[in-house]
Amino acid sequence: MKNITLIDCHTHFHDDKYTTEGYTTNDLIDDAINGGVKYFMSTGYDVASSKASVRDAMKHKSVFAVIGIHPNNVEDVSEIEIAEIAKLAKLDKVKGIGEIGLDFYYSDKNKDKQMFIFEEQVKIAKENNLVVVLHIRDQKNHTDVYYSCLKMLIKHKIKKAMVHCFTADQAVADAFIKEGYYISIGGVVTFPNAKELQHVVEKVPMKYLVTETDAPYLTPVPYRGTTNRQEYIIHTIKKMAELKKISTEEMAEVTYSNAKNLFGLV
Ligand SMILES: [Zn+2]
């Protein structure tokens, strides 16, 4: 394969897994660049990790920051943290607000708080014309929460959004696409039992597809079971190409240009 250039639309350089295994952000970035990854969206999930993403972005030309408070981390969040996110959002290399959204997978006990924090951050994205990077998880076999998130984006007239690590069904994908939002595909698509997701990739028009690693999580086949790394994104792209019956090169090219459009990279 020649001249493949990729964008990892959602990754976490500062996860404890990397620290434990002794990988620095520099190591990870160098290896991934050698593997064809040109840009990284270093994504936060609370104020500390968002600040770390911003530091990555300031230091590395290839890194941009996506900042925000994850729905599972809202419990102790106050207006102070929201104000910090709002302040960071003004910086040049911040391209998105995420990962934000709603997560009722285990329980909906923080439902109102999740909704409130999500909405406050959607407003920050709107004010700063940033991409909303959504983390959405519903209880098993339910999809209502996807529509709640979608409603929120429409309410605030959000133009640019992506559903991170999409794993819902075709109807949900269609509803997001209808609003012009992107569907981000991660390593799950390479899992043999991910039939529904594979079907979604077959059906979603090429112009709405982007890719991510969510590293160090959700490692694609053939590395499943090990810590995910940013350069493994090529295995996700290969699988997507196979599903679309096109070449890996073409899949890489299209997802690269989609991600550039989405995040406004030049
Ligand atoms: Zn993530």
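All ligand and atom numbering here is 1-based and tracks the order in the structure.
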Group every Ile, Leu, Val, Met, Phe, Trp and Tyr by side-chain heavy-atom contacts under 4.5 Å, then state whether Leu6 and Val131 land in the same group.
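No, no single cluster joins them.
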When you check the space around the Zn ion (ligand 1), which protein N, O or S atoms turn up under 2.8 Å?
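Protein N/O/S atoms under 2.8 Å of the Zn ion (ligand 1): His10 NE2, His12 NE2, Glu99 OE2, Asp214 OD1.
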Distance under 6.0 Å and angle within 45° of ring axis: Lys93 vs Phe64:
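Judged by the rule (NZ or CZ under 6.0 Å from the ring centre, within 45° of its axis), Lys93 counts as positioned above Phe64.
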In this structure, is the centre-to-centre distance between the rings of Phe13 and Phe40 below 6.0 Å?
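Yes; Phe13 has its ring centre under 6.0 Å from that of Phe40.
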Can you give me every donor-acceptor pair (side chain of residues 139-152, partner residue at least two apart or in another chain, under 3.5 Å) with its distance?
unit_1: Tyr146; atom_1: OH; unit_2: Ile136; atom_2: O; d: 3.4
unit_1: Ser148; atom_1: OG; unit_2: Asp144; atom_2: O; d: 3.3

Could you tell me whether the side chain of Glu231 and the main chain of Val37 form a donor-acceptor pair under 3.5 Å?
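No, Glu231 side chain to Val37 backbone: no donor-acceptor pair under 3.5 Å.
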Over 60° means perpendicular and under 30° means parallel, so classify the ring planes of His135 and His70, tilted if in between.
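Aromatic pair His70/His135 classed tilted.
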